[in-house]
Amino acid sequence: MAQLLDGKEISKVLKEEIKEEVKGWKEQGINPKLAVVLVGDDPASVVYAKSKQKVSEGLGIDFELFVLAADSAEEEILSLIDSLNTNTAVHGIMIELPLPKHISKERVMAAVRPDKDVDGVHPINRGYILSGEEGLFPATPQSCIEILLRSGVEIAGKHVVILGRGETVGKPLVFLILKHNATVTICHSKTPDLGAFTRQADIVIAAVGKAKLLKKDMVKPGAVVVDAGINEIPGGICGDVDFDEVKEVASLISPVPGGVGSLTTALVMRNVLKGIALQGKEAK
Ligand code: NAP
């Protein structure tokens, strides 16, 4: 029976580290601050923004929410981003998605200063993932790596099979995990016979968005399984892994909820602090 990769416990430790780092910045006269931009009133985005506010304030990071009407012109959003880019009291900027249909997501994302882009979506940060340079990277792929490393799982030299090549999780994860010296296989919707690949994995990471896709017979006994999926099912949410089945063969497995998703907001906050360091480098 597998042991849990416990995202909630790891998140507590991570938050304590972040609090300490925040204290350190404050001693140097810098009050870390995150600005979140919400366009319209998408109910899920409102919930996400509020949850970031709660976490950031709990960590001692200042938070400001900027709400624009759903029918705002793109120019208005770009002008707000411009003012946040140049405001030295703001260290991280996050644009809640989805944006209204008449707004170009690409233009808005590219308008955020790369060293304040705590969501890791700016084309420059996406390039840094490829090149291996320091930048701000998306929270969910980072969370997959943190949950492994902080549970004592060695990544170097392991065969990691990633399910999904989405822009948010799978694709950035490929390059982040390569940096940890894994051998990586990427599977997607056009991969015939997923199980033939996943059965070869020492570590399987699922980031697909299909409830309970990974079954027991697709996992090598003793493998480690990380589930980044979030799928709504009657009565709650579940991951891309059939947890009840797969826990019988895996050695370690992350639950949903309580796994990868438990770390993501804290990792956004860690990006705010990393942003301060990157902004300091630019100033020198
Ligand atoms: P996405 O952009 O929709 O990508 C999904 C990927 O899965 C695509 O590469 C797709 O292949 C592949 N896929 C679809 N059906 C498949 C199948 N039957 N077999 C193998 N691969 C299949 O999704 P995403 O934004 O990367 O998100 C992935 C999952 O992570 C979702 O469940 C999402 O809710 C979750 N998520 C979690 C967090 C968190 O905080 N835990 C944050 C963000 C996202 P093609 O490329 O061929 O279409």
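We count ligands from 1, going down the list as the structure has it; atoms in each ligand are counted the same way.
- Residue, atom and distance of the protein heavy atom nearest to atom 4 (O) of ligand 1 are Gly166 CA, 3.5 Å.
- Residue contacts with ligand 1, taken as heavy atom pairs separated by less than 4.0 Å, involve Thr264 solely via side-chain atoms from C-beta onward.
- Under a 4.0 Å criterion applied to the non-hydrogen atoms of Gly209, ligand 1 contributes the atoms 29 (C), 31 (C), 32 (O).
- For Gln28, the CD atom is densely surrounded, since the number of other residues' heavy atoms within 6.0 Å is greater than 12.
- Proximity of Ser189 to ligand 1, defined as any heavy-atom pair under 4.0 Å, is shared by backbone and side chain alike.
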Acceptor/donor pairs from residues 249-259 side chains to any protein atom, 3.5 angstrom cut, sequence neighbours excluded:
unit_1 : atom_1 : unit_2 : atom_2 : d
Ser251 : OG     : Gly222 : O      : 2.8
Ser251 : OG     : Ala223 : O      : 3.4
Ser254 : OG     : Asp227 : N      : 2.8

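- Residue Thr168 has at least one N or O atom closer than 3.5 Å to an N or O atom of ligand 1.
- Other residues, nucleotides and ligands contribute at most 12 non-hydrogen atoms within 6.0 Å of the CD atom of Glu75.
- For atom 46 (O) of ligand 1, the nearest protein heavy atom (residue, atom name, distance) is Arg165 NE, 2.7 Å.
- Residues Gln142 and Asn271 form a side-chain contact, since some pair of their non-hydrogen atoms from C-beta on lies under 4.5 Å apart.
- At least one heavy atom of Leu194 sits under 4.0 Å from some atom of ligand 1.
- Scanning the protein for heavy atoms near atom 18 (N) of ligand 1, the closest one is Leu213 CD1, 4.0 Å.
- For ligand 1, one of its N or O atoms has an N or O atom of Ala228 under 3.5 Å away.
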*Apply side-chain contact (heavy atoms from CB on, under 4.5 Å) to the pair Leu214 and Val204, showing each step before the final yes or no.*
CA-CA 9 Å; Leu214 191 79; Val204 183; 4.0 Å; yes
With a cut-off of 3.5 Å and sequence neighbours excluded, list every side-chain donor-acceptor pair involving residues 29-47.
unit_1 : atom_1 : unit_2 : atom_2 : d
Lys33  : NZ     : Glu64  : OE1    : 2.6
Asp42  : OD2    : Ser45  : N      : 3.0
Asp42  : OD2    : Ser45  : OG     : 2.8
Ser45  : OG     : Leu97  : O      : 3.1

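- With hydrogens and angles disregarded, no donor-acceptor distance shorter than 3.5 Å links the side chain of Asp119 to the backbone of Met94.
- Counting atoms of ligand 1 from 1 in the listed order, those under 4.0 Å from a heavy atom of Val169 are 26 (O), 27 (O), 30 (O), 43 (C), 44 (C).
- With Lys158 contributing its side chain and Glu154 its backbone, the two residues share a donor-acceptor pair below 3.5 Å.
- For atom 21 (N) of ligand 1, the nearest non-hydrogen atom of the protein is His188 C, 3.1 Å.
- For Lys50, the NZ atom counts as loosely surrounded, since its 6.0 Å shell holds 12 or fewer non-hydrogen atoms of other residues, nucleotides or ligands.
- Residue Val224 is grouped with residue Leu263 when hydrophobic side chains (ILVMFWY) are merged at heavy-atom distances under 4.5 angstrom, including chains of intermediate members.
- If you look at Thr140 next to ligand 1, the close heavy atoms, those under 4.0 Å, all belong to the side chain.
- Looking from atom 6 (C) of ligand 1 to the surrounding protein, the closest heavy atom is Gly164 CA, 3.7 Å.
- Counting only heavy atoms of the protein, atom 33 (C) of ligand 1 lies nearest to Ile230 N, 4.1 Å.
- Among protein heavy atoms, the minimum distance from atom 3 (O) of ligand 1 is reached at Val208 O, 4.4 Å.
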